[in-house]
Structures are given as C-alpha cells and as structure tokens.
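Here the structure is laid out as structure tokens; the discussion comes afterwards.
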Amino acid sequence: MVAKNSLFLLTLGGISHATAKKSIWNAKHGIEAAKPKCLLLGTDEISFTAKKQEKFLTPHHDALVILLTVANCLVKTILVHNGSSGNIIFQAAYKDLGLEESALTQRITPLIGFSGEVKQTAGDVTLPVYAEGINMSTKFLVVDCDSSYNMILGRPRIHGMGTVPSTLHQMVKFPKPWGIKAFRGDPEYSRSCYQTTLKGKTKVL
C-alpha cells in the first residue's frame, strides 16, 4: 500500500541489493571503494555561524528546502535530505519540465520506506543541475508518487559536490576552486510543503 504522500520515501534504498551487499563485503574485508569521480574542490574549512541579521523561528524544525536550476528551468521546493540514498524527481515535476518519457532509462529500482513499504521507480534520468557557477549532471530516480516536493537531493548529489547542508542554519555550503559558496534554504517553502503533506494534498511545479 503506497502512502498518499512521499514521507515514506525519506529513507530510500536507491542502490540495488547486490550493490549494497558488495559494499558491506568490501567494508568487512578492508577493500577500498573506487575513488569518486568528483573530488572535493579546495581545502577551505566549511563552517556555519549564526549572524544577527539572520531571522529564524527559535526553535525551528524546518526541513532544508531550496530552489535550483534543473534542465534550464528554475525548480522550487527541492528537499535536501542526507537520509536519502538516491536523488528523486517526482513524475509530476518531470512532466512539468517538459521531459519526454522516451528520455527515461527503463531501469526499475525498489525504494524502501520507514516501515518496509516498497515503491518501484518508473526509471531514471540524468539531468543538468546548476548551482552557484557549477553545472553538474545528476542522476535522478523517477517516482510516480504524490509529493509536496518536486525533487529530493540525496547523498549521491550531496557527496558528489562535497556539499555540507545545515537544516539548523537553513543553508547549503560547498567548496569551489575559488572558495566556499553558499545558498540558503527557504523556511516558508519548507513549512508550506509540510502543511501540504499533513493535509494530504499535492502540488505541481
């Protein structure tokens, strides 16, 4: 039984069972994984400090929701979630971007939720994602499921760019050759998505 909203997708099994078993076996036997294709840029330390001009609800429990340019379109309500082992684009958002079904790689991946629910993906697609001067091709799993978000950026994207997200500071920072770049989350979008989910409604791009 698939939930009406996407909360169960927040702990995703974005890698195959065989890949997960191989990773565990390698770890037990001290075998190093292949070096990542995207190395961390720069050596500057990434840290977060609260500034007086920053106004947050205190205390707050807002998720980190951002907007980015994806496939040359500005996409709002993107959840940055390091508990997700895959990057997700929901099918409604996929269609609103004007992308064709034929662009999908027909590879089915099971997504496993908090209580063991399983949702099969519709396939995957690689899209250009632009963030603060860096355009990076990112693979997304396409999910036909109601959601208050358009996308979820999981660990593959977070780790691939060396990104450090902070829900507390509502900010994402990542290294570039010329220093640390940052962009902010939008607490209003975060709270709106949360309320939409509680009401059992969905939204579009």
Side-chain angles (χ1 to χ4, degrees), residues 1-25 61-68 70-71 73 75-129 136-161 163 165 167 172 185-186 189-205:
M1 183 72 177
V2 177
K4 182 72 174 174
N5 57 58
S6 66
L7 287 180
F8 80 103
L9 290 174
L10 298 185
T11 52
L12 297 171
I15 58 176
S16 68
H17 179 64
T19 301
K21 284 181 64 177
K22 182 178 180 181
S23 177
I24 294 170
W25 191 91
H61 304 288
D62 297 327
L64 183 54
V65 177
I66 62 174
L67 59 88
L68 288 173
V70 181
C73 294
V75 180
K76 301 176 181 178
T77 60
I78 299 173
L79 176 67
V80 180
H81 187 65
N82 57 15
S84 172
S85 61
N87 303 310
I88 300 296
I89 180 170
F90 293 97
Q91 197 158 50
Y94 182 86
K95 291 179 179 178
D96 284 338
L97 286 173
L99 302 173
E100 299 293 335
E101 292 289 335
S102 59
L104 283 177
T105 299
Q106 299 299 322
R107 184 183 298 110
I108 305 304
T109 303
L111 306 181
I112 304 172
F114 289 117
S115 57
E117 309 100 313
V118 178
K119 174 72 175 178
Q120 303 288 344
T121 66
D124 60 65
V125 66
T126 299
L127 301 173
V129 179
M136 180 179 174
S137 294
T138 302
K139 186 175 83 169
F140 289 91
L141 302 176
V142 181
V143 180
D144 185 8
C145 177
D146 292 341
S147 175
S148 56
Y149 303 104
N150 288 311
M151 296 178 173
I152 297 175
L153 292 185
R155 291 192 299 273
R157 171 72 185 194
I158 293 170
H159 294 179
M161 286 193 67
T163 301
T167 54
V172 174
D186 192 318
Y189 273 125
S190 175
R191 290 189 286 272
S192 175
C193 288
Y194 181 68
Q195 291 297 325
T196 300
T197 300
L198 290 180
K199 294 176 182 177
K201 298 178 181 178
T202 58
K203 63 176 292 301
V204 294
L205 201 62

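Here, residue 1 is the first one in the sequence, and each next residue gets the next number. Side chains included, hydrogens not; waters and symmetry mates left out as well; all remaining heavy atoms used.
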* Asked: Can you list the steps and then say if I152 with F90 is a side chain to side chain contact (heavy atoms under 4.5 Å, CB included)?
  -> CA-CA 9 Å; I152 297 175; F90 293 97; 4.0 Å; yes
* Rounded distance (nearest 0.5 Å) linking atom OG1 of T109 with atom CD1 of I88 -> 8.5 Å
* So, for V129 and L68, which heavy atoms are closest and what is the spacing to 0.1 Å? -> CG1-CD1, 3.8 Å
* Could you walk me through whether L153 and L79 pass the side chain to side chain contact (heavy atoms under 4.5 Å, CB included) check? -> CA-CA 6 Å; L153 292 185; L79 176 67; over 6 Å; no
* Asked: With side chains defined as the heavy atoms from C-beta onward, is the minimum distance between V143 and I89 less than 4.5 Å?
  -> no
* Would you mind reporting whether M136 and R157 have side-chain heavy atoms less than 4.5 Å apart? => yes
* Just wondering, do P110 and K119 contact through their side chains at under 4.5 Å, heavy atoms? -> no
* To do: Could you note down all residue pairs passing salt bridge (charged side-chain N to carboxylate O under 4.0 Å, His left out) where residues 81-92 supplies at least one of them, sequence neighbours left out?
  => none
* Contacts of T167 that satisfy side chain to side chain donor-acceptor pair (under 3.5 Å) - sequence neighbours left out -> none
* Asked: Is the closest side-chain heavy-atom distance between Y149 and I78 below 4.5 Å?
  -> no
* Asked: Among all residues two or more places apart in sequence or in another chain, which pass the side-chain contact (heavy atoms from CB on, under 4.5 Å) test with L99?
  -> Y94, L97, L127
* To do: Could you tell me whether the side chain of H81 reaches within less than 4.5 Å of the side chain of R155, counting heavy atoms only?
  => no
* Minimum side-chain heavy-atom gap T121-F140 below 4.5 Å -> no
* Asked: Quick one: which of L104, T105, V142, I108 gives a side chain to side chain contact (heavy atoms under 4.5 Å, CB included) with D124?
  -> T105
* Asked: Are any non-hydrogen side-chain atoms of L64 and V172 less than 4.5 angstrom apart?
  -> yes
* **For the student: nearest non-hydrogen atoms of E101 and Q106, plus distance** => O-NE2, 4.1 Å
* Among all residues two or more places apart in sequence or in another chain, which pass the side-chain contact (heavy atoms from CB on, under 4.5 Å) test with S137? -> T126
* **Smallest separation among heavy atoms of P156 and S84, with atom names** => CD-O, 4.2 Å
* Would a 4.5 Å heavy-atom cut-off, applied to side chains only, mark M151 and K76 as touching? -> no
* Any side-chain donor near an acceptor of the partner, T138 and N87, under 3.5 Å -> no
